[in-house]
Amino acid sequence: MRQPPVFLLQSLLCLLLLGSAQAAEQRLALVIGNGDYAQGPLRNPANDAADLAAKLGQRGFEVERLLNADQRAMESAIRGFAQRLRGEGKVGLFYFAGHGVESKGRNYLIPIDAEIHNETDLKYEAVDAGRVLDGMAEAGNGLNLVVLDACRNNPYRSAFRSPSRGLSRMTPPKGALVLYATQPGNVARDGDGRNGVFTQHLLAALDHQGLSVEEVFKQTAVAVDSATGGAQTPWIEGVVLGQFHPYPGPRRPPPDPEAFYWQSTQRCARPDCYRAYLQAYPRGRFRAQAQAWLDQAEPPPPAALALSVKPTPPNARVRIMNIEPKYRDGMELPPGRYRIEVTATGYRRHLDWFELQQGQQVYAVELERAPVPEPSPAPISPPVQPQTPSAARQEVGIGHDGRYTDHGDGTVTDTVTQLQWMRCSVGQTWTGSGCSGQQKEMKWDEAKDQTARYAGHSDWRTPSIAELRTLVYCSNGRPDYFSNGKNCDGTPGKDHLKPTLDPKAFPSQNISDYRFWSSSAYAYYSGYAWRVYFDYGYDGSDYRYYSSALRLVRGGQ
């Protein structure tokens, strides 16, 4: 009888041993991705969780996946996950992408249904991340991994007594590793494409066969640190005894850092990733391919054009409403649409859009003279008795030091800036003594060009960030100046009024969101725009797809 070749027997033996090892090593994973938040929605977590769950399934894990989970679903899944881990020879992996908040040394994972109005609410509305570690320690299964891509900006920071950034360090039990998307106290990037920066590189590292889990985590950290220019460095806590290989099989030499980074860049396939590679490796081996990809994907930016507004009369005041810099004749701007306001004493206000493009760089405006009212004829009837203040509409000074002139029609004029403001937020109705109804909240693309006909005027508009800043009022008289604005020193609602608006001029009934959009885009990143947070009274730039309130203005000098 012919004997089988020796190499065939050896191969069969290896397969039997490998199959026996995998059978003894049961791999379990719970993967959660929350992004559909009412406050601070996130673009990537659902994609991150779906892609990682699929990858772990390819690596032999039994995966339970939750997308946009509420508190009850998260707690139930974590409880069941800990029970399934019980028993020797099991490997557990927990992954969470979404909002995570640190408070008093504890880390909380935020469900999508959380209603958090102050720091105390975290204990009852969120899920303590320590619960995951406690369940793993009690299971006694030997090896556990926790991956937290939850170090994004705290969307509730304005409601906290001591707003924090990122997550705090945790002490994992023996045989467990915790991998954070960035170092403690820092925030992670959500990402502009399908995946966040951290998970994008974690997925790439899991494709390298034969690496230990520590090597997978380290390669992820190196790639993320390079991709963000050191702004985001993943952090590892804990130690495992023995070896665990997420992608078992013959070990292949891991690529050098630049090759690994280049593979992640190709996987990302977005312009910002290729630009990050060129920044990290300006003389890298793949710079020609990276630049060629960018040249094909991104046409060169259009050259700036000089804008010249020619008003009649020539001493008229010119403002460009949808940019932050002040207008000056011949200023260079990228081609696009600009909202131009021209005003002069004795003339009607002009407000219109102008398309700045090659060959169309001069905008000529001739203002119309305002009609001069004819003097009223002398009364021929007996004088009318003076009305009481309750029966006559009077313009009076209200607010701190009488700064605002109340026109009695739901509007006030700031005597300092000469801007006329609606007393209520968009969506509310002026009742004569306050504001009724709920605020309308909208994304910046909808808010920036809002107009209205109100109180006899049709030129109401969204204020610029400089105009909106002027409404900040510190009732304790302690403004803390920074940047181009100020915030009020102390705790809102305790050391100063919340919101930081003069309550005599701007009633705060039914205000659910203290953040108000301006019309000003953020100059350094196209996905951001400026708004003012009237809880503390500071201004900041945020994602344009966030929803905020709006208050309209008119006039100005």
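The shown structure was predicted, so the numbers you read here are calculated from the model rather than taken from an experiment.
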Quiz prompt | More than 12 heavy atoms of other groups within 6.0 Å of Glu355 CD | solution = yes

Practice problem: Show your working on salt bridge (charged side-chain N to carboxylate O under 4.0 Å, His left out) between Asp502 and Arg403 and close with a plain yes or no. | Solution: CA-CA 10 Å; Asp502 195 319; Arg403 172 170 172 166; over 6 Å; no

Quiz item: Parallel, tilted or perpendicular for Trp293 and Tyr274, by the 30°/60° rule?
Solution: parallel

Exercise. Start with the C-alpha gap between Gln266 and Gln289, add the side-chain angles, then the distance that decides, and say whether side chain to side chain contact (heavy atoms under 4.5 Å, CB included) holds.
Key: CA-CA 10 Å; Gln266 291 178 304; Gln289 296 97 308; over 6 Å; no

Quiz item: Just wondering, are more than 12 heavy atoms of other shown residues or ligands nearer than 6.0 Å to CH2 in Trp235?
Solution: no

Quiz item: How far apart are the closest heavy atoms of Thr220 and Ala205, and which atoms are they?
Solution: OG1-CB, 3.5 Å

Self-check item: Heavy-atom pair of closest approach, residues Ser518 and Ile465
Solution: CB-N, 3.5 Å

Quiz item: Can you name the closest pair of heavy atoms from Lys498 and Tyr514 and give their distance?
Solution: CE-CE1, 3.1 Å

Practice problem: Would you check if Asp409 and Tyr454 make a side-chain contact, meaning some heavy-atom pair closer than 4.5 Å? | Solution: no

Quiz item: If you measure only the distance, is there a donor-acceptor pair under 3.5 Å linking the side chains of Glu258 and Tyr277?
Solution: yes

Quiz item: Using 30° and 60° as the class limits, which term best fits the ring planes of Trp517 and Trp444: parallel, tilted or perpendicular?
Solution: perpendicular

Quiz item: With a 3.5 Å cut-off and no angle check, do the side chains of Ser168 and Glu102 form a donor-acceptor pair?
Solution: no

Quiz prompt | Residue pair Glu441 / Ala549: nearest heavy atoms and the distance that separates them | solution = CG-N, 4.4 Å

Practice problem: In sequence, state the C-alpha distance, the side-chain angles, and the governing distance for Tyr327 and Arg319, and then conclude on side chain to side chain contact (heavy atoms under 4.5 Å, CB included). | Solution: CA-CA 6 Å; Tyr327 168 79; Arg319 289 198 306 169; 5.9 Å; no

Exercise. Under the side chain to side chain contact (heavy atoms under 4.5 Å, CB included) rule, what do Arg317 and Glu341 come out as? Steps first, then yes or no, please.
Key: CA-CA 8 Å; Arg317 182 176 183 267; Glu341 178 194 61; 4.2 Å; yes

Self-check item: Stepwise side chain to side chain contact (heavy atoms under 4.5 Å, CB included) check, Lys310 with Asp329
Solution: CA-CA 9 Å; Lys310 302 297 184 184; Asp329 191 46; 3.8 Å; yes

Quiz item: Considering all heavy atoms of both residues, which atom of Arg287 and which atom of Pro282 are nearest to each other, and what is their separation?
Solution: CD-O, 3.4 Å

Quiz item: Which of parallel (below 30°), tilted (30 to 60°) and perpendicular (above 60°) describes Phe534 and Phe516?
Solution: perpendicular

Practice problem: Check step by step if salt bridge (charged side-chain N to carboxylate O under 4.0 Å, His left out) holds for Asp406 and Arg423. | Solution: CA-CA 9 Å; Asp406 179 12; Arg423 300 185 70 178; 3.5 Å; yes

Self-check item: Arg339 to Thr451 - nearest heavy-atom pair and separation
Solution: NH2-CG2, 3.7 Å

